[in-house]
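Below is one structure, written out as structure tokens; the observations come after it.
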Protein chains: 2
Amino acid sequence: MVEHSITIQEVAKRAGVSQTTVSRVLNNKDEITAETRARVIRAIEQLGYVPNPIARGLVTNHTAMIGFVVSDITNPFLADVARGILHTAASHHYSLSIFMTENEPQREVQAIRFLISRRVDGLIVTPRESDEGNRLILNMAAHGHPFVLIGRHVSHPRVSTVSTSTAAGAYKATSYLLSLGHRRIAHIQASPRMGYGRGKLRGYTEALQEYGLQVDPDLIVASDFSIEDGQRASERLLRLSTPPTAIFATNDLTAIGAIMAIEAAGLRIPEDLSVVGFDDIIFARSTRPPLTTVSQPALKIGEAAAETLLQMIRTPNMPTQEMILDCDLVIRQSTSPPRSR
Amino acid sequence: MVEHSITIQEVAKRAGVSQTTVSRVLNNKDEITAETRARVIRAIEQLGYVPNPIARGLVTNHTAMIGFVVSDITNPFLADVARGILHTAASHHYSLSIFMTENEPQREVQAIRFLISRRVDGLIVTPRESDEGNRLILNMAAHGHPFVLIGRHVSHPRVSTVSTSTAAGAYKATSYLLSLGHRRIAHIQASPRMGYGRGKLRGYTEALQEYGLQVDPDLIVASDFSIEDGQRASERLLRLSTPPTAIFATNDLTAIGAIMAIEAAGLRIPEDLSVVGFDDIIFARSTRPPLTTVSQPALKIGEAAAETLLQMIRTPNMPTQEMILDCDLVIRQSTSPPRSR
DNA sequence: AGCTTAACCGGAAGCGATTTCGGAAGCGTT
DNA sequence: AACGCTTCCGAAATCGCTTCCGGTTAAGCT
């Protein structure tokens with residue numbers, strides 16, 4: 001249905017040269033007289049010729065497409081990561097193909113397979129972590145497909161990682177709460193099926209231990225990365241016989257859920273309960289009170305991921321990159337010393 | 001670098017048939033004996049063969065990719081639209097290529113050109129509206145490329161539209177404020193460079209006129225679709241000699257900005273000032289007070305857009321579709337009668 | 001038995017680019 | 001004048017698939 005678009009042949013004919021020559025000026029290879037080059041360029045412009053990347057891809061085995069498999073584009077943090085990827089991909093004339101897994105384990109595998117069958121030149125994946133997924137990644141990497149993983153690690157020369165120091169971030173957050181005087185600090189943890197939460201738990205634990213505190217398993221609850229689930233998790237916490245005086249949530253979405261649950265219970269933040277989140281999404285500023293949280297450079301993560309992926313595509317035996325970006329505690333008004341000691 | 005992947009030839013050899021036959025079972029065309037078909041399928045499975053869509057695309061002139069040009073994937077409303085598109089695209093084995101314009105006029109044109117040069121089978125675009133963009137869309141549609149536009153209209157047999165009754169939604173919102181007793185109702189309008197705000201202004205105006213009120217140009221301010229810009233716009237409103245008692249914002253982002261500005265000015269919501277937004281993003285629930293807003297079925301918009309695009313791709317001379325979905329006022333706690341009359 | 005027809009399958013062309021190989025022309029050197 | 005190098009360009013093969021056209025075989029009909 002789409003009308004015939006002009007081919008390299010027609011350009012060649014018009015310029016009075018061979019396809020070979022046209023191809024050469026297109027990819028400016030080899031030497032070509034300034035004059036013929038000019039003639040070809042003129043023909044290209046007159047005809048409005050645009051090379052067909054499909055045909056090109058067939059022979060070069062490159063598509064100039066990268067794939068992004070993401071759990072949930074609706075999470076503002078991940079949307080920002082996507083924006084970063086989009087930026088650098090576009091600036092390198094790469095297109096981005098997105099696939100959402102909605103946190104369903106087997107859909108990660110499905111996504112990777114799908115995008116590879118579409119012949120993307122490389123893949124960025126975040127953030128689930130399943131054994132099956134890791135196996136597939138390893139397998140595909142062994143077949144030469146480059147990967148960059150965000151926030152998780154797989155050991156193979158064709159897979160790089162960009163992540164953030166989430167453990168350090170969690171440590172900062174928890175320490176801050178401790179320094180305010182809190183002793184019963186709950187942690188809303190990423191549910192095991194999300195992968196991804198190990199570092200934060202470690203940072204949380206270390207901070208507590210440094211203060212000579214035991215971690216109380218009652219104070220650790222699992223949640224999906226959503227407001228609703230954060231709400232549910234917090235309700236469980238509030239029902240405890242001796243509830244926490246502070247909640248450290250695995251991300252801002254769950255923290256927002258916590259805020260809503262706390263408010264619904266008729267308690268006040270931060271007077272009755274402090275809460276801190278993770279990610280510093282834009283909406284962390286618009287809660288009441290504004291959310292204390294650990295910021296992650298989402299845009300930079302995306303850009304870095306895309307940048308290293310493009311490098312890996314360009315140079316096949318590049319050594320694996322391991323980039324770790326910093327997290328910073330940003331203190332707003334959802335935290336204060338506990339009411340009574 | 002990517003290892004050689006097996007081709008249809010090897011499958012054919014292994015199954016002891018011709019490529020033609022393999023191709024036929026792949027696309028289940030023509031008649032093939034159950035027995036040969038089984039043999040071919042077995043060969044495919046044994047070899048783990050996956051057809052190369054690049055090669056296929058070269059001859060069929062279809063890529064099974066659709067393009068999505070979006071102003072800002074970071075806007076939760078648009079992220080939800082994207083999710084809807086992703087859903088139905090994936091379920092039809094189409095992949096989605098996303099391009100962001102960041103609301104820069106010329107980048108819309110760039111995005112459309114880019115995606116078409118990549119040979120996508122069709123395009124979904126939202127929401128900017130520039131003359132140049134419209135011209136290009138018209139031009140490309142005339143070349144047979146199918147489009148579906150979200151929230152805007154271009155008249156051509158190859159371009160369909162899915163939109164929402166924003167005028168009716170704005171009318172409901174404004175009427176509600178009027179019924180509460182408000183008379184000075186400001187409107188934060190989508191800045192002209194965003195396109196897209198005409199309907200809302202109309203609904204707003206009609207509601208006012210129905211109450212016998214003039215629209216006061218001082219009460220209409222323009223803003224980009226961001227929290228920050230909504231904040232700035234609201235600050236201007238608050239500096240008015242007789243400020244409004246209610247603000248109807250063009251979307252939830254600007255409404256959130258309004259809430260922040262109002263609070264920063266030491267005023268209370270809804271006692272001193274009511275605010276209503278548009279879209280009903282998830283974070284409209286997490287502001288304090290929760291935001292009264294007009295909901296739009298973002299997910300459905302995306303799904304409908306993708307669905308009609310796929311239909312247009314499948315049947316070249318399908319009549320244009322015009323789908324209009326409903327908006328509903330959802331009343332939360334950011335609105336109340338004005339303090340004094 | 002002989003002929004038509006339908007069912008099933010294969011050969012080869014072609015999609016639009018890149019790339020290999022080699023040829024022609026121009027130039028300097030001996 | 002002959003030779004060898006560059007420099008510039010073209011012919012043709014190739015990538016992996018679909019599709020057109022036609023051939024073979026078996027079934028059906030008279």
Side-chain angles (χ1 to χ4, degrees), chain A residues 1-41 43-44 47-65 93 116-121 144, chain B residues 1-41 43-44 47-65 93 116-121 144:
Chain A
M1 182 61 234
V2 174
E3 271 179 27
H4 162 79
S5 53
I6 45 182
T7 73
I8 200 172
Q9 301 240 28
E10 310 176 39
V11 175
K13 189 143 59 114
R14 173 141 196 160
V17 297
S18 72
Q19 316 180 34
T20 311
T21 303
V22 177
S23 171
R24 282 200 263 253
V25 343
L26 244 32
N27 307 289
N28 45 349
K29 285 195 181 176
D30 291 12
E31 305 103 61
I32 295 203
T33 335
E35 190 227 346
T36 23
R37 163 175 315 244
R39 225 173 43 236
V40 170
I41 289 180
I44 287 174
L47 296 171
Y49 167 71
V50 178
N52 183 331
I54 304 300
R56 171 179 293 175
L58 188 56
V59 22
T60 62
N61 224 3
H62 277 336
T63 52
M65 297 187 343
H93 303 286
I116 284 185
S117 83
R118 290 330 204 85
R119 277 10 186 216
V120 294
D121 290 339
Chain B
M1 182 62 233
V2 174
E3 270 179 28
H4 161 79
S5 52
I6 45 183
T7 73
I8 199 173
Q9 301 239 30
E10 311 176 41
V11 176
K13 189 144 57 109
R14 172 145 200 155
V17 298
S18 71
Q19 315 181 33
T20 311
T21 303
V22 178
S23 171
R24 282 199 265 252
V25 343
L26 245 31
N27 308 287
N28 47 350
K29 285 195 178 173
D30 291 13
E31 306 103 63
I32 294 203
T33 335
E35 190 228 344
T36 27
R37 159 170 323 235
R39 222 171 47 235
V40 170
I41 289 180
I44 287 175
L47 297 171
Y49 168 70
V50 178
N52 182 332
I54 303 299
R56 172 179 292 175
L58 188 55
V59 18
T60 62
N61 224 4
H62 277 337
T63 51
M65 298 185 344
H93 302 286
I116 285 186
S117 82
R118 290 326 204 84
R119 277 10 187 220
V120 294
D121 290 339

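Given the structure is predicted, the values throughout are model-derived calculations rather than measurements. Protein chains get the first letters and strands the later ones, always in sequence-line order, with residue 1 at the start of each.
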Item to check | Span of DNA chain C, from the first to the last nucleotide whose atoms fall under 4.0 Å of chain A heavy atoms | outcome: C:dG16 to C:dT20

Next on the checklist: Using OP1 and OP2 only, check whether a side-chain N or O of B:Thr60 sits under 4.0 Å from D:dT18.
Outcome noted: no

Item to check | Five-pair end axes of the helix from C:dA1-D:dT30 to C:dT30-D:dA1, angle between them (10°) | outcome: 50°

Checklist entry - Under 4.5 Å between any side-chain heavy atoms of A:Val25 and A:Thr36, yes or no? => result no

Checklist outcome for this item: Heavy-atom nearest pair, B:Ala12 first then B:Val22, reads CA-CG2, 3.7 Å

Item to check | Atom-to-atom span, CZ of A:Arg39 to P of D:dC8 - whole angstrom | outcome: 14 Å

Checklist outcome for this item: Rounded to the nearest 0.5 angstrom, the OG1-CG distance for B:Thr63 and B:Leu58 is 12.0 Å

Next on the checklist: Under a 3.5 Å distance rule, please check whether B:Thr7 uses its side chain to pair with a backbone N or O of B:Gln9 as donor and acceptor.
Outcome noted: yes

Checklist entry - Between the side chains of A:Ser23 and A:Thr20, does any donor sit under 3.5 Å from an acceptor? => result no

Next on the checklist: If we ignore hydrogens and angles and just use 3.5 Å, is the side chain of B:Arg24 paired with the main-chain N or O of B:Arg37 as donor and acceptor?
Outcome noted: no

Checklist entry - For D:dT19, does either OP1 or OP2 sit under 4.0 Å from a side-chain N or O belonging to B:Lys29? => result yes

Checklist entry - What pair of heavy atoms forms the shortest contact from A:Val11 to A:Leu47, and how long is it? => result CA-CD1, 3.8 Å

Next on the checklist: Working note: A:Glu10 + A:Arg14, criterion salt bridge (charged side-chain N to carboxylate O under 4.0 Å, His left out); need CA distance, chi angles, decisive distance, verdict.
Outcome noted: CA-CA 6 Å; A:Glu10 310 176 39; A:Arg14 173 141 196 160; over 6 Å; no

Checklist entry - With sugar-phosphate meaning primed atoms plus P, OP1 and OP2, does B:Val17 contact a base, only sugar-phosphate, or nothing at under 4.0 Å between heavy atoms? => result sugar-phosphate

Item to check | side-chain N/O A:Thr33 vs D:dC9 OP1/OP2, d < 4.0 Å | outcome: yes

Checklist entry - Counting only N and O atoms by type, is there a donor-acceptor contact under 3.5 Å from the side chain of A:Thr60 to the main-chain atoms of A:His62? => result yes

Give every pair of a protein N or O atom and an N or O atom of nucleotides 12-17 of chain D that lie under 3.5 Å apart, one pair per line with the distance.
unit_1	atom_1	unit_2	atom_2	d
D:dG16	N2	B:Ala55	O	3.4
D:dC17	OP1	B:Tyr49	OH	2.6
D:dC17	OP1	B:Asn52	N	3.0
D:dC17	OP2	B:Ile8	N	2.3
D:dC17	O5'	B:Tyr49	OH	3.4

Next on the checklist: For A:Ile54, is there any backbone N or O sitting under 3.5 Å from a side-chain donor or acceptor partner on A:Asn52?
Outcome noted: yes

Checklist outcome for this item: Looking only at heavy atoms, the pair that brings A:Arg119 and B:Pro53 closest together is NH1-CD, 4.2 Å

